[in-house]
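Accompanying notes for the structure given below.
Excluded from the calculations below are hydrogen atoms, water molecules and symmetry mates; all remaining heavy atoms, backbone and side chain alike, are included.
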Amino acid sequence: MKTVRDISKITGVSKRTLRYYDEIGLLKPTKFNYSGYRLCDNKMKIQKSIKSL
């Protein structure tokens, strides 16, 4: 599982933008950990779709 921070580093999209995508339903996290961090699975498909936005 990757955090918003990890996905941000991989894609070059800011953490704030990724959180906004979650808020509007464009990209939902797979789950949340016990601290409330958004977690996404390791699928490259998700990361590629973010890069195309």
Side-chain angles (χ1 to χ4, degrees):
M1 298 298 245
K2 295 191 184 304
T3 63
V4 169
R5 180 180 181 197
D6 297 332
I7 302 243
S8 176
K9 285 182 178 181
I10 292 168
T11 62
V13 176
S14 72
K15 293 182 283 186
R16 183 176 181 173
T17 299
L18 292 172
R19 289 185 196 105
Y20 174 70
Y21 290 163
D22 175 21
E23 287 178 26
I24 65 171
L26 185 60
L27 181 66
K28 288 291 187 184
T30 305
K31 64 180 185 176
F32 292 86
N33 72 4
Y34 65 93
S35 298
Y37 287 102
R38 294 166 175 87
L39 299 173
C40 296
D41 54 15
N42 295 327
K43 295 179 183 174
M44 289 305 291
K45 181 177 161 184
I46 291 172
Q47 295 166 4
K48 287 179 183 177
S49 67
I50 292 170
K51 285 183 180 181
S52 69
L53 294 174

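In this structure, the side chains of Ile7 and Val4 stay at 4.5 Å or more apart for every pair of heavy atoms.
Remark: Lys2 NZ to Ile10 CD1 distance equals 4.0 Å, nearest 0.5 Å. In this structure, NZ in Lys15 is found 8.5 Å from NZ in Lys9, a value given to the nearest 0.5 Å. How far CG of Asp6 is from CG of Leu18: 11.0 Å, rounded to the nearest 0.5 Å.
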